[in-house]
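Some notes on the structure that comes next.
Small disclaimer: the values here were computed from a predicted structure and weren't measured. Just so you know, residue 1 is the first one in the sequence shown, and it goes up from there.
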Amino acid sequence: MERVDIKSMNMQELKEFVKELGLEPYRAKQIAQWLYKKRVGSFDEMTNLSKEARRLLSERAELHPLKLVKVEESSDGTRKYLFELKDGSRIESVFIPEKSWNTLCVSTQVGCPAGCKFCLTAKDGFTRNLTPSEIVEQYIAVQRDVGEDRRISNVVFMGMGEPLLNFDNVKKAVEIMTDKNMLDLSTRKITISTVGIVPGIDRMAKEMNKVKLAVSLHATTDEVRDYLVPLNKKYPIKEIMAALRRYPADNTRRIMIEYVMLSGVNDSIEDAKRLAKMVKGLPVKVNLIPFNPYPGAPFKPTPRERIEEFQKVLWDRNIAAFIRDSRGQDISAACGMLRTKEKERELVK
Ligand code: SF4
């Protein structure tokens with residue numbers, strides 16, 4: 001009999017599964033506690049379950065812990081992880097410690113179909129979607145590695161992959177992360193970042209609107225955006241902005257606009273003015289992201305002074321705009337870099 005991936009189940013599904021196994025209903029909560037609070041690696045460690053229950057679980061369900069391939073730590077405490085999945089695919093996760101909270105950036109796909117020009121992950125193309133458990137296991141593995149006294153409170157879906165092209169599995173992972181019997185994170189501390197998949201944004205508006213939405217805009221004209229984010233040809237700027245206007249956001253739940261600053265490409269004062277016009281009246285916060293160059297990158301980072309001028313244009317028009325700190329500069333900080341480096345290293349072995 002095929003075994004089910006138990007960590008891909010939300011609480012409701014776990015309850016149904018427990019019922020199907022003929023166990024008492026309260027066992028579902030106990031199992032969830034073992035999986036997500038005590039984070040055990042086998043059913044045998046679930047010592048408050050009978051031997052028979054543990055046998056049934058091992059027979060019908062399986063666990064897929066991630067294999068840690070490599071971890072790099074930056075001088076600012078950022079830790080970048082390379083994990084291997086059951087099928088040998090590799091993904092990255094990043095732990096970012098802040099003064100009063102800790103954030104984890106998770107991947108949602110192996111590779112990415114979006115093909116953004118400034119992104120190293122895009123270079124390898126797309127392999128497959130991650131399952132809910134493969135997303136959730138990133139949290140579990142990193143939390144275990146950094147230790148319980150550095151609890152991860154915030155999760156950003158900004159790693160490898162386009163989360164809204166893997167909607168169902170991302171939604172399930174969010175349910176597991178926010179269920180009080182499971183990882184018990186606050187919904188407001190979870191951010192899903194998209195390049196602007198319009199049907200996905202509309203679905204998020206209906207099914208996941210307690211989670212924060214971030215949109216990677218990166219350009220103010222379709223001409224530039226078609227080049228930087230090829231998916232723009234399918235979902236042009238006008239349609240994305242219309243979806244954001246339909247989105248149930250307000251000043252307590254602002255939409256984040258991500259804008260990577262590329263020298264001479266999208267960082268003119270005209271761009272800043274156009275951006276201000278585009279988001280006018282929307283409850284947004286703009287994050288200006290200094291580009292993190294990688295070897296062979298086709299772009300240069302915008303000089304700091306220009307980023308500040310760009311920011312000022314937005315503030316002068318009452319748009320909240322912040323310059324995002326670039327973390328982990330001394331390690332393979334760009335998304336996809338650790339995976340690529342490791343692959344190259346293995347090829348020359
Ligand atoms: S930036 Fe994000 S969406 Fe774009 S190709 Fe890279 S991983 Fe995919």
Side-chain angles (χ1 to χ4, degrees), residues 107-109 111-126 129 156-167 170 191-205 212-247 249 255-282 284-294 297-302 307 310 313-314 319 321 324 334-336:
S107 294
T108 54
Q109 297 180 312
C112 183
C116 302
K117 282 283 182 308
F118 50 85
C119 171
L120 198 52
T121 297
K123 293 214 175 320
D124 269 352
F126 172 65
N129 283 332
V156 293
F157 286 71
M158 274 184 198
M160 297 166 63
E162 162 52 58
L164 297 187
L165 290 178
N166 184 15
F167 195 98
V170 164
T191 304
I192 292 183
S193 175
T194 175
V195 288
I197 310 296
V198 170
I201 296 174
D202 285 338
R203 246 189 104 180
M204 243 187 103
K212 274 197 204 153
L213 169 65
V215 178
S216 299
L217 203 58
H218 307 321
T220 60
T221 64
D222 280 325
E223 196 193 346
V224 175
R225 200 166 191 272
D226 279 353
Y227 170 67
L228 290 179
V229 184
L231 262 175
N232 192 65
K233 292 189 191 106
K234 197 162 179 194
Y235 306 114
I237 294 177
K238 210 168 144 202
E239 285 183 29
I240 297 171
M241 297 320 288
L244 298 190
R245 291 190 190 278
R246 293 193 289 272
Y247 197 82
I255 298 167
M256 265 150 352
I257 302 290
E258 309 287 315
Y259 199 97
V260 65
M261 302 292 294
L262 305 169
S263 184
V265 178
N266 63 358
D267 62 351
S268 70
I269 295 303
E270 278 315 303
D271 278 308
K273 288 181 185 164
R274 265 195 301 269
L275 179 57
K277 222 169 164 181
M278 277 160 61
V279 300
K280 198 167 179 244
L282 272 172
V284 295
K285 192 175 126 181
V286 177
N287 281 324
L288 302 173
I289 310 163
F291 175 57
N292 228 335
Y294 50 86
F299 303 106
K300 287 202 176 65
T302 298
I307 302 182
F310 197 100
V313 172
L314 295 171
I319 313 286
R324 174 132 27 99
C335 172

Query raised in the report: Do the non-hydrogen side-chain atoms of V195 and L164 ever get within less than 4.5 Å of each other?
Result: no
Report task. Evaluate the side-chain proximity of Y247 to L213: yes if any heavy-atom separation is below 4.5 Å, no if none is. Result -> yes
Query - Minimum side-chain heavy-atom gap V265-F299 below 4.5 Å - result: yes
N/O donor to acceptor pairs below 3.5 angstrom from side-chain atoms of residues 112-119, sequence neighbours left out:
none

Query raised in the report: With distance as the sole criterion, is a donor-acceptor pair present between the side chains of N129 and Q109 under 3.5 Å?
Result: yes
Query raised in the report: Roughly how far, to the nearest 0.5 Å, is the CD atom of E223 from the CG atom of L228?
Result: 11.0 Å
Requested in this report: Answer whether the closest heavy-atom distance between the side chains of F157 and K212 falls below 4.5 Å.
Outcome: no
Query raised in the report: Can you tell which of T221, T220, N266 makes a side chain to side chain donor-acceptor pair (under 3.5 Å) with D271?
Result: T220
Query raised in the report: Between I237 and A219, which heavy-atom pair has the shortest distance, and what is it?
Result: CD1-O, 3.9 Å
**Report entry** pair L282-M241: side-chain heavy atoms closer than 4.5 Å
**Finding:** yes
Requested in this report: Name all residues meeting the side chain to side chain contact (heavy atoms under 4.5 Å, CB included) criterion together with S193; count only those two or more places apart in sequence or in a different chain, and write none if there are none.
Outcome: M158, A214, S216
Query raised in the report: When you measure from the side chain of D267 to the backbone N and O of G264, does any donor-acceptor pair fall under 3.5 Å?
Result: yes
Requested in this report: Indicate yes or no: at least one non-hydrogen side-chain atom of D202 is less than 4.5 angstrom from one of R246.
Outcome: yes
Report task. Answer yes or no: is there a donor N or O on one side and an acceptor on the other, between the side chain of T302 and the main chain of S263, under 3.5 Å? Result -> yes
Query raised in the report: What pairs of residues pass the side chain to side chain donor-acceptor pair (under 3.5 Å) test when at least one of them lies in residues 227-237, not counting sequence neighbours?
Result: D222-N232, R225-N232, D226-N232
Query raised in the report: Is any side-chain heavy atom of L165 closer than 4.5 Å to a side-chain heavy atom of T194?
Result: no
Requested in this report: For residues V229 and H218, determine if any side-chain heavy atom of one lies less than 4.5 Å from a side-chain heavy atom of the other.
Outcome: yes
Query - Pair T108-E162, side-chain donor/acceptor within less than 3.5 Å - result: no
